[in-house]
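Only one structure is covered here, and it is reproduced in the block below.
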Amino acid sequence: MAATFPELIEFFIKRRNLSVEQLANLANLSRKTLYRWVNGEVENPRHWYQIVALGKALCLNVEEVNQLLKATKNPNFAELKEIARYEYELELLNEFAKMESASSSILRPQIRFEPWAALEAPAGAVRSQSPFYIERLADAQLRHQLAGQGTTTTIQAGRQTGKTSLLTHAINAYQGEQGKIIYLDFHLVDEVSGENLTSFLRFLSEAIAEQLDLEWNVVDRYWQAARNPAQTFNRFLQQEMLQRFDHPVLLAIDEADLLLGAEYQKHFFALLRAWDSRRAFDADWRKLNLVMVISTHPYLLIDDVNLSPFNVGLTIRLKDFSLDQIADLNQRHGSPLLPNDIATLMSLVGGHPYLVRQAYYTLVSEGLSLADLLRVANSPDGPFSKHLLFYLHSLKKNPTLLAALQQLLRDQKLPDEALLERLAAVGLIQQEDGKWRARCGLYGEFFKRQME
């Protein structure tokens with residue numbers, strides 16, 4: 001696979017152990033320019049001499065600089081000497097040539113960029129420009145939603161299936177189109193801030209103000225005299241966020257279902273639903289694009305369908321990786337599996353994004369064979385143990401759900417339909433050809449073993 005400009009820069013930066021800020025200073029480039037290159041916002045930089053300056057700062061050889069020049073559709077280093085017109089361009093080329101000559105006696109390993117050489121442990125959201133990010137139908141769906149105005153989108157899927165990664169990639173694209181982004185992660189809500197609806201909405205107001213670079217006294221002005229928390233929050237959003245911009249505003253709420261169990265959860269989600277109604281008559285609110293990320297069933301968050309924000313707009317249910325996508329990831333990891341073995345891996349982990357990534361990471365980083373991986377898959381200290389134990393401990397806190405899963409796996413009997421939907425919503429089971437079963441072989445074997 002050919003390396004892109006951002007991938008090459010990242011590879012060379014890691015090799016020199018530099019920060020972007022340090023490299024910007026060494027190459028006499030602005031940090032903003034270099035960050036845009038690293039994030040893939042600029043495919044072809046305007047000036048070739050900036051690429052050479054970058055190569056000089058990174059102590060690259062001519063062959064490596066030519067990789068950067070080729071990735072940015074520029075002539076190679078030898079041809080640059082013929083087209084250079086200005087004194088500073090010729091001076092830079094001469095300085096680089098002298099540096100190259102001085103280091104020519106040093107044996108340097110041949111650099112061949114391979115994505116798997118920058119192996120990434122699968123933890124948290126997959127970063128932008130990662131060679132291991134696999135696009136799915138959901139990516140196109142979310143981009144289409146955010147291209148409009150006044151949209152509501154729910155991303156629903158089980159744990160570690162790529163919800164936040166999907167949101168992150170969409171946010172980067174949205175930001176490149178000059179849309180304003182406000183990102184709220186409910187993991188950051190502490191006990192005091194989440195005590196009641198007033199303190200919670202005040203906390204969100206402060207988080208939004210910080211991202212808008214507002215002074216703290218702006219937030220105080222709204223909340224010191226607050227009577228109705230929902231109305232106060234709406235007034236703050238409209239006057240300080242929506243009216244501030246002519247273009248659309250994306251409000252992205254990650255881990256929205258962490259409000260599950262809060263006494264005000266119904267009131268908060270009803271507030272979000274009310275925004276959809278306001279769009280019909282208020283142009284300010286038509287600027288607002290809302291995206292919510294949840295792992296649980298929406299009915300558990302708000303049971304009144306007339307007040308729920310989850311039944312308006314689009315719900316994106318993330319699909320697992322297909323066999324072709326798992327084969328693609330195999331190549332991106334340097335092909336640790338033979339083509340005939342990929343179906344065997346899929347029978348173990350299904351197309352579960354995290355489990356597939358963890359499997360390949362283990363195969364490559366530990367040098368295991370597929371037979372080795374199958375042998376340790378369910379062991380207490382195996383590569384999937386943390387993932388499996390999280391689900392086990394969560395189910396033990398909810399004996400009704402645990403009993404329902406055991407009934408399905410052990411007795412092949414279907415429990416209550418509502419329980420099946422909840423098990424499916426958290427990603428433990430799925431329906432195929434009209435039959436409910438464990439989402440993947442790994443889950444089936446692990447939870448059956450817990451019954452022994």
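Atoms considered below: every heavy atom in the structure, side chains included; atoms not considered: hydrogens, waters and symmetry mates.
No side-chain heavy atom of Trp48 sits under 4.5 Å from any side-chain heavy atom of Thr72. The shortest distance between side-chain heavy atoms of Leu142 and His144 does not fall below 4.5 Å. Taking the side chain as every heavy atom from C-beta outward, Phe321 and His352 never approach each other to under 4.5 Å. Looking at Val312 and Arg273, their side chains come closer than 4.5 Å, going by heavy atoms from C-beta outward. Between Leu80 and Val52 the shortest side-chain heavy-atom distance falls below 4.5 Å. Inter-residue side-chain proximity for Leu301 and Phe268 is flagged as unmet; no heavy-atom pair is nearer than 4.5 Å. Counting only heavy atoms from C-beta outward, the side chains of Ser199 and Val192 never approach each other to under 4.5 Å. Within the 4.5 Å cutoff, the side chain of Ser165 has no heavy atoms near those of the Thr168 side chain.
Note that CD1 of Ile182 and CG of Leu204 are 11.5 Å apart. Values are rounded to the nearest 0.5 Å. Note that the CZ atom of Phe447 and the CG atom of Leu408 stand 12.0 Å from one another [nearest 0.5 Å]. Here the straight-line distance linking atom OG1 of Thr154 with atom CG of Asn311 works out to 9.0 Å at 0.5 Å rounding. The CD atom of Gln325 lies 9.0 Å from the CE atom of Met346; values are rounded to the nearest 0.5 Å. From Thr400, atom OG1 reaches atom CZ of Arg422 across 7.5 Å, with rounding to the nearest 0.5 Å. From Leu363, atom CG reaches atom OG of Ser369 across 8.0 Å, with rounding to the nearest 0.5 Å.
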Please step through side chain to side chain contact (heavy atoms under 4.5 Å, CB included) for the pair Leu314 and Thr151, ending with a clear verdict.
CA-CA 8 Å; Leu314 175 68; Thr151 61; over 6 Å; no

Let's go through Phe384 and Val376 carefully: what are the C-alpha distance in whole Å and the side-chain angles of both, what is the deciding distance for side chain to side chain contact (heavy atoms under 4.5 Å, CB included) to 0.1 Å, and is it a yes or a no?
CA-CA 9 Å; Phe384 311 112; Val376 301; over 6 Å; no

Passes side chain to side chain contact (heavy atoms under 4.5 Å, CB included), Ile155 versus Ile294? Steps please.
CA-CA 6 Å; Ile155 302 171; Ile294 60 173; over 6 Å; no

Please assess Asp254 against Tyr183 for the test side chain to side chain donor-acceptor pair (under 3.5 Å), listing each intermediate value before the final yes or no.
CA-CA 8 Å; Asp254 204 359; Tyr183 176 79; 2.8 Å; yes

Yes or no on side chain to side chain donor-acceptor pair (under 3.5 Å) for Glu432 and Gln430, after CA distance, side-chain angles and deciding distance?
CA-CA 7 Å; Glu432 293 181 5; Gln430 64 184 11; 2.5 Å; yes

Could you go through Met241 and Ile208, starting from their C-alpha distance and side-chain angles, then the distance that decides it, and tell me whether this counts as side chain to side chain contact (heavy atoms under 4.5 Å, CB included)?
CA-CA 8 Å; Met241 184 177 76; Ile208 292 169; 4.2 Å; yes

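Each of Pro122, Ser365, Pro336 was evaluated against Tyr360; a single residue qualifies, Pro336, per the side-chain contact (heavy atoms from CB on, under 4.5 Å) test.
Using modelled atom types, no side-chain atom of Asn289 and backbone atom of Leu251 make a donor-acceptor pair closer than 3.5 Å. Between the side chain of Lys287 and the backbone N or O of Gly150, no donor-acceptor pair lies under 3.5 Å. Formation of a donor-acceptor pair under 3.5 Å by the Gln407 side chain with backbone atoms of Ala403 is not found in this model. In this structure, the side chain of Ser394 engages the main chain of Phe390 through a donor-acceptor pair within 3.5 Å. The main-chain N or O of Gln358 is found under 3.5 Å from a side-chain atom of Thr362 such that the two form a donor-acceptor pair. Between the Arg439 side chain and the Leu428 main chain, no donor and acceptor come within less than 3.5 Å of each other. Judged purely by atom type and a 3.5 angstrom limit, Ser308 has no side-chain atom pairing as donor or acceptor with the backbone of Val305. In this structure, the side chain of Asn76 engages the main chain of Glu79 through a donor-acceptor pair within 3.5 Å. For Lys163 (side chain) and Glu255 (main-chain N/O), no donor-acceptor pair under 3.5 Å exists by modelled atom type. The backbone N or O of Ile429 sits nowhere less than 3.5 Å from a side-chain atom of Arg437 that would complete a donor-acceptor pair.
Aromatic rings of Phe200 and Phe186 (six-membered ring for Trp) have centroids within the 6.0 Å cut-off, being under it. Ring centroids of Tyr361 and His333 are separated by 6.0 Å or more, keeping the two rings apart.
Salt-bridge check for Asp276 with Arg279: passed, with a basic side-chain N closer than 4.0 Å to an acidic carboxylate O. With respect to the salt-bridge test (charged N to carboxylate O, under 4.0 angstrom), the residues Asp372 and Arg375 qualify. With salt bridges taken as basic N to acidic carboxylate O contacts below 4.0 Å, one links Arg202 and Glu206.
Ala359 approaches Leu373 most closely through the heavy-atom pair CB-CD2, 3.9 Å. Scanning all heavy atoms of the two residues, the minimum distance from Cys440 to Val349 falls at CB-C, 3.5 Å. In plain terms, the two heavy atoms of Thr296 and Gln156 that are nearest each other are O-NE2, 3.5 Å. Nearest heavy atoms, Leu184 versus Gln211: CD2-NE2, 4.2 Å. For the pair Leu167 and Val291, the tightest heavy-atom approach, listed with the atom from each and the gap, is CD1-CG1, 3.9 Å. Nearest heavy-atom pair, Thr152 versus Pro309, reported as atom, atom and distance to 0.1 Å: CG2-O, 3.9 Å.
Counted within 6.0 Å of CD on Glu191, heavy atoms from surrounding residues, nucleotides or ligands total 12 or fewer; the atom is thus considered open.
Among pairs with a residue in residues 396-445, those fulfilling ring pair (Phe, Tyr, Trp, His ring centres under 6.0 Å) read His387-Tyr443, Tyr391-Tyr443, at least two apart in sequence or across chains.
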